[in-house]
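Reading through the structure tokens given below for one structure.
Bear in mind the structure is a predicted one, so any value in this text is a computation, not a measurement.
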Amino acid sequence: MSTVSTPIPPTTSRFRRSTKLQRRQTRLAWLLLLPSLLVVLLVAIYPLGKTIYQSFTNEDFLALEPSRWIGLENYRNLLTGPDSAVFRSAVWETIKFTLITVGFEFVLGLIIALVVNSSFKGRGVMRAVMLVPWAIPTVVAAQMWKWMLDEKFGVINDAGTRLHVLSHPQAWISQPSTALAAVCAVDIWKTTPFVALLLLAGLQVIPQDLYEAAEVDGASQLQQFWKITLPLLAPAILVTLIFRTLDALRVFDVFYVFFGNAANTQTMAIYNQSIIVGDGKVGYGAAVSVAIFLIIALFVVIYVSFMRVTADD
């Protein structure tokens, strides 16, 4: 008795071919990504792991004996040790700087991006000119503003007294009540163009058809901004806030040019530099680095969670 083979349905055959093709594409993708992953492993993962390991040791630059494992002692000293108050002051100073600068830069950058995104004569020139502050190296810009804010020969005090805005020259940098505001103003002046550039890139992706349809439906400019621009700009806003927050929490150069290593104006990065480079305490400095990493990661998680909740709503 002869047997008749059951034919394979065409859909099943196509599914098998597509599955094999997907597996080959996946393998090819991993092979292409492998060099980049190895580079990331070499320049990011390995240093992070070594820093975490060093934070549990008493490694010291000037020590004659080899380092040994001390567990959580560095972290206990960080929270309750003699230098814990200085560290908490540095954390609070950095957070205040971050909240002030990122907030102002986002609002001003969004306004500039909306203006530059509109059609007007000379828009290309304005886009190029607005990037000049961001293109200046941070150390150069900080030193320039330090001279401008100087109490004796600074142009800010000179212009203020001539215009009768100031009754007398102010010590903007050395005066505790204005020191943080001065350094925040410099960072806002320098970095707002970068924020505007990122937001402008997000604005240019939004289809103009949506605005035309909204105008036909009678939506006002404010309604278009809240209902179209902001929701579609959310991914660019998230990237911008994360970039700027990461940069602000790691701030070193502006504060160091303005105040040096003064204890009352230290940021987390300056405090960590003074511990590792100045005192040679590598193990304790590694614990400070891990704490800074966790604080930055906390801000990123808050941003991502907030944007995800907003998108779900």
Side-chain angles (χ1 to χ4, degrees), residues 87-117 130-139 141-142 145-146 149 172-173 177-203 225-226 229-259 264-272 288-289 291-311:
F87 175 71
R88 287 195 297 269
S89 175
V91 171
W92 178 234
E93 191 77 8
T94 307
I95 291 177
K96 286 191 296 183
F97 171 81
T98 300
L99 294 177
I100 295 171
T101 56
V102 174
F104 274 96
E105 288 162 7
F106 172 70
V107 174
L108 295 176
L110 181 59
I111 294 173
I112 294 173
L114 291 171
V115 171
V116 176
N117 192 50
M130 77 176 191
L131 292 176
V132 172
W134 181 56
I136 299 175
T138 305
V139 174
W145 276 95
K146 184 178 180 181
L149 293 169
W172 301 102
I173 297 175
S177 59
T178 58
L180 182 61
V183 73
C184 287
V186 174
D187 189 81
I188 292 169
W189 170 82
K190 175 173 171 51
T191 319
T192 296
F194 173 69
V195 174
L197 184 65
L198 293 178
L199 296 177
L200 178 62
L203 286 173
F225 175 76
W226 287 108
T229 305
L230 271 187
L232 295 180
L233 196 61
I237 291 175
L238 177 62
V239 171
T240 302
L241 291 178
I242 290 177
F243 274 19
R244 276 304 302 135
T245 302
L246 293 179
D247 197 30
L249 288 172
R250 295 182 292 107
V251 64
F252 177 88
D253 37 20
V254 179
F255 274 83
Y256 199 80
V257 171
F258 266 45
F259 313 114
N264 60 335
T265 53
Q266 278 187 342
T267 62
M268 295 188 295
I270 293 178
Y271 175 73
N272 200 19
V288 176
S289 300
I292 295 173
F293 172 76
L294 293 177
I295 293 172
I296 294 175
L298 177 62
F299 272 83
V300 174
V301 170
I302 291 173
Y303 278 141
V304 174
S305 301
F306 176 76
M307 297 301 290
R308 187 175 298 170
V309 171
T310 305

Enter the distance from [X]:[atom1] to [Y]:[atom2] here, rounded to the nearest 0.5 Å.
| X | Y | atom1 | atom2 | answer |
| --- | --- | --- | --- | --- |
| Met268 | Ile95 | CE | CD1 | 6.5 Å |
| Asp247 | Phe252 | CG | CZ | 13.5 Å |
| Phe104 | Leu99 | CZ | CG | 11.5 Å |
| Ile295 | Thr98 | CD1 | OG1 | 10.0 Å |
| Thr191 | Leu197 | OG1 | CG | 12.5 Å |
| Phe106 | Ile111 | CZ | CD1 | 10.0 Å |

TODO: Please work out whether the ring planes of Phe259 and Phe255 are parallel, tilted or perpendicular, with thresholds of 30° and 60°.
DONE: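 Phe259 vs Phe255 ring planes: tilted.
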Do [X] and [Y] have side-chain heavy atoms sitting under 4.5 Å apart?
| X | Y | value |
| --- | --- | --- |
| Ile112 | Val195 | no |
| Val183 | Val251 | no |
| Leu249 | Phe299 | yes |
| Ile136 | Trp189 | yes |
| Leu110 | Phe225 | yes |
| Glu105 | Phe194 | no |
| Glu93 | Leu180 | yes |
| Thr265 | Phe258 | no |

Heavy-atom donor-acceptor pair, [X] side chain to [Y] backbone, under 3.5 Å:
| X | Y | value |
| --- | --- | --- |
| Thr101 | Asp187 | no |
| Lys146 | Val257 | yes |
| Arg250 | Leu246 | yes |

Does the pair Leu203 and Leu233 meet the rule for a side-chain contact (heavy atoms from CB on, under 4.5 Å), with working shown?
CA-CA 6 Å; Leu203 286 173; Leu233 196 61; 4.0 Å; yes
Work out which heavy atom in [X] is nearest to a heavy atom in [Y]; give both atom names and the distance.
| X | Y | answer |
| --- | --- | --- |
| Ala236 | Thr240 | O-OG1, 2.7 Å |
| Ala179 | Ile173 | CB-O, 3.4 Å |
| Ala90 | Tyr271 | CB-CB, 4.1 Å |
| Val186 | Ala142 | CG1-CA, 4.5 Å |
| Ala196 | Ala113 | O-CB, 3.6 Å |
| Tyr256 | Ile270 | N-CD1, 3.8 Å |

